[in-house]
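Proteins come first, then strands; the chains are lettered A, B, ... in the order of their sequence lines, and each starts at number 1.
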2 protein chains.
Amino acid sequence: MTDTEWLRLDRQICFSLHAASRAFNGVYRVILKDLGLTYPQYLVMLVLWEQGDLPVKALGEHLRLDSGTLSPLVKRLEGIGLVRRERSAQDERSVRVRLTEEGVALRERALEVPRRIMGATGFDLTEIAELRERLDRLTTALDAAALAEGR
Amino acid sequence: MTDTEWLRLDRQICFSLHAASRAFNGVYRVILKDLGLTYPQYLVMLVLWEQGDLPVKALGEHLRLDSGTLSPLVKRLEGIGLVRRERSAQDERSVRVRLTEEGVALRERALEVPRRIMGATGFDLTEIAELRERLDRLTTALDAAALAEGR
DNA sequence: ACCAATTTAGTTGTGCACAACTTAATTGTG
DNA sequence: CACAATTAAGTTGTGCACAACTAAATTGGT
């Protein structure tokens, strides 16, 4: 394989992944507009609906996001009335993110989202599972490599 | 499948894709730091190395990015001396992005990037090709769906 | 030839990701 | 106990993505 071919291959891979990520984001953007949520905000709400109230720290561990991303995002969710932030009494450093009535209620309207997404992908459950398995394997390898490369 | 299970599945898929995208970005960030490029800037350079000088419009078509993203990005590339922007004489609306000497020279140093990325993924060429095929299929389906959903 | 529609870049504003930093509270060790 | 190290959250600054818009040049229809 020539150098030129390697670069072409890299362009193809980069582009495919970049484009897929943005396309996914685009479909969620359209579908989530009804709920008034962005894609990352929806991710946070999914975790809260599933896990219940959590400190910002725990939320970050579930989503692999740091406070630099989460702090303003959670403030926006508070701004639209879906959550409240409450500083812990036991540990004054910690801030618990609590779903409001509206936040809990929004879950009902979110129930249709997964089915619409599945329809949009045109993939069946098996293909989704395979893709997910491959992506997770990729992520694990990449995270390890980023560490090894000395992030 | 219950509603709860659907939401959990959606969280898993969203998370996998989101995480993979960010992990990929992270590895490229580390590897591209030596070249002084961000991941999207590297994508632009890859296209220019492959296709030669292009108007901003054509660049956007190759990368599916609009001028809102490309204009400032190309200006930054110009700022670090890798490209020059030249307004076309035939069509004064169009701006051609031209590689400078330094821009051309950087290609030599970029040749090692693809191999390092391949190493980081731990995937072989076949797996990469399969993943790419699947991602492209996904992107096509998602773009069509975003249109249908009325983007 | 004229003018409305289109096209190409660019600008503005919002939100996310992340690095680097700050602040305040807690923990651990001598 | 005292104080250095750690931890949680937040802030600041840079860059990207995208929607909505503007400005200027070109095209096309009449």
Side-chain angles (χ1 to χ4, degrees), chain A residues 14-15 17-30 32-33 36-44 54-61 63-80 85-97 143 146 150-151, chain B residues 14-15 17-30 32-33 36-44 54-61 63-80 85-97 143 146 150-151:
Chain A
C14 287
F15 176 76
L17 197 95
H18 207 60
S21 166
R22 286 185 295 134
F24 231 91
N25 213 304
V27 170
Y28 271 100
R29 192 196 324 282
V30 170
L32 292 174
K33 192 153 63 179
L37 293 176
T38 66
Y39 183 42
Q41 287 166 7
Y42 174 64
L43 285 174
V44 168
L54 289 175
V56 173
K57 180 70 194 304
L59 211 45
E61 278 160 3
L63 298 169
R64 293 214 207 187
L65 290 172
D66 66 4
S67 67
T69 300
L70 279 177
S71 286
L73 193 159
V74 170
K75 277 195 179 177
R76 270 172 227 120
L77 288 178
E78 187 175 41
I80 57 181
R85 293 178 308 134
E86 297 174 350
R87 206 156 274 276
S88 161
Q90 297 83 6
D91 186 340
E92 291 273 337
R93 292 171 304 180
S94 176
V95 168
R96 178 161 288 263
V97 182
D143 281 348
R151 184 203 286 267
Chain B
C14 287
F15 176 77
L17 197 95
H18 208 61
S21 168
R22 285 185 296 133
F24 231 92
N25 214 305
V27 169
Y28 272 101
R29 192 196 324 282
V30 170
L32 292 175
K33 193 154 63 179
L37 294 175
T38 66
Y39 183 41
Q41 287 167 6
Y42 174 64
L43 285 175
V44 168
L54 288 175
V56 173
K57 181 70 195 304
L59 212 46
E61 278 161 2
L63 298 168
R64 294 213 206 186
L65 290 171
D66 67 3
S67 67
T69 299
L70 279 178
S71 286
L73 192 159
V74 170
K75 277 194 178 179
R76 269 172 230 121
L77 288 179
E78 188 175 41
I80 57 181
R85 292 178 308 135
E86 298 173 350
R87 205 156 276 275
S88 162
Q90 296 84 7
D91 186 341
E92 292 273 338
R93 291 172 304 182
S94 176
V95 168
R96 178 162 287 265
V97 181
D143 281 349
R151 183 203 283 267

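- With rounding to whole Å, F24(A) atom CZ is found 18 Å from dA17(D) atom P.
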Inset, instruction - Do nucleotides 6-13 of chain D as a string where each nucleotide becomes B, S or -: B if the base has a protein heavy atom under 4.0 Å, S if just the sugar-phosphate does, - if no protein is that close. - result: -BSBBB--
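- Here the side chains of L32(A) and Q41(A) are not in contact, with every heavy-atom distance at 4.5 Å or above.
- Between Y39(A) and H18(B), the ring planes lie perpendicular to each other; the angle is over 60°, past the 30° to 60° tilted range.
- When the P atom of dA9(C) is taken as reference, atom CD of E86(B) falls 13 Å away, rounded to whole Å.
- Heavy-atom nearest nucleotides on DNA chain C were determined for P40(A) and for E92(A), and the one closer to the 5' end corresponds to P40(A).
- In this structure, the side-chain hydrogen bond (donor to acceptor under 3.5 Å, both in side chains) partners of E86(A), at least two apart in sequence or on a different chain, are R98(A).
- What separates OH of Y39(B) from P of dC18(C) is a distance of 13 Å, to the nearest Å.
- Residues satisfying the side-chain hydrogen bond (donor to acceptor under 3.5 Å, both in side chains) criterion with R87(A), sequence neighbours excluded, are absent altogether.
- The CG atom of L17(B) sits 13 Å away from the P atom of dA17(C) (whole-angstrom rounding).
- Partners of E61(B) by side-chain hydrogen bond (donor to acceptor under 3.5 Å, both in side chains), not counting sequence neighbours, listed by chain and number: K57(B).
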Inset, instruction - Could you walk me through whether L37(B) and V44(B) pass the side chain to side chain contact (heavy atoms under 4.5 Å, CB included) test, one step at a time? - result: CA-CA 10 Å; L37(B) 294 175; V44(B) 168; over 6 Å; no
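- Counting only heavy atoms from C-beta outward, the side chains of F24(A) and S21(B) never approach each other to under 4.5 Å.
- Rounded to an integer number of Å, the gap from CG of D66(B) to C1' of dT11(C) is 12 Å.
- Residue L59(B) holds its CG atom at 15.0 Å from CZ of R64(B), rounded to the nearest 0.5 Å.
- Applying the side chain to side chain contact (heavy atoms under 4.5 Å, CB included) test to R85(A) and every residue at least two apart in sequence or in another chain returns V74(A), K75(A), E78(A), V95(A).
- Going from atom CG of L73(B) over to atom P of dG10(C) covers 12 Å, rounded to whole Å.
- In this structure, L59(B) places its CG atom 14 Å from P of dT8(C), rounding to the nearest Å.
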Please list each protein N or O that sits under 3.5 Å from an N or O in nucleotides 2-5 of chain D, with the distance.
none

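- Look at CG on L43(B): it is 17 Å from P on dG15(D), rounded to the nearest Å.
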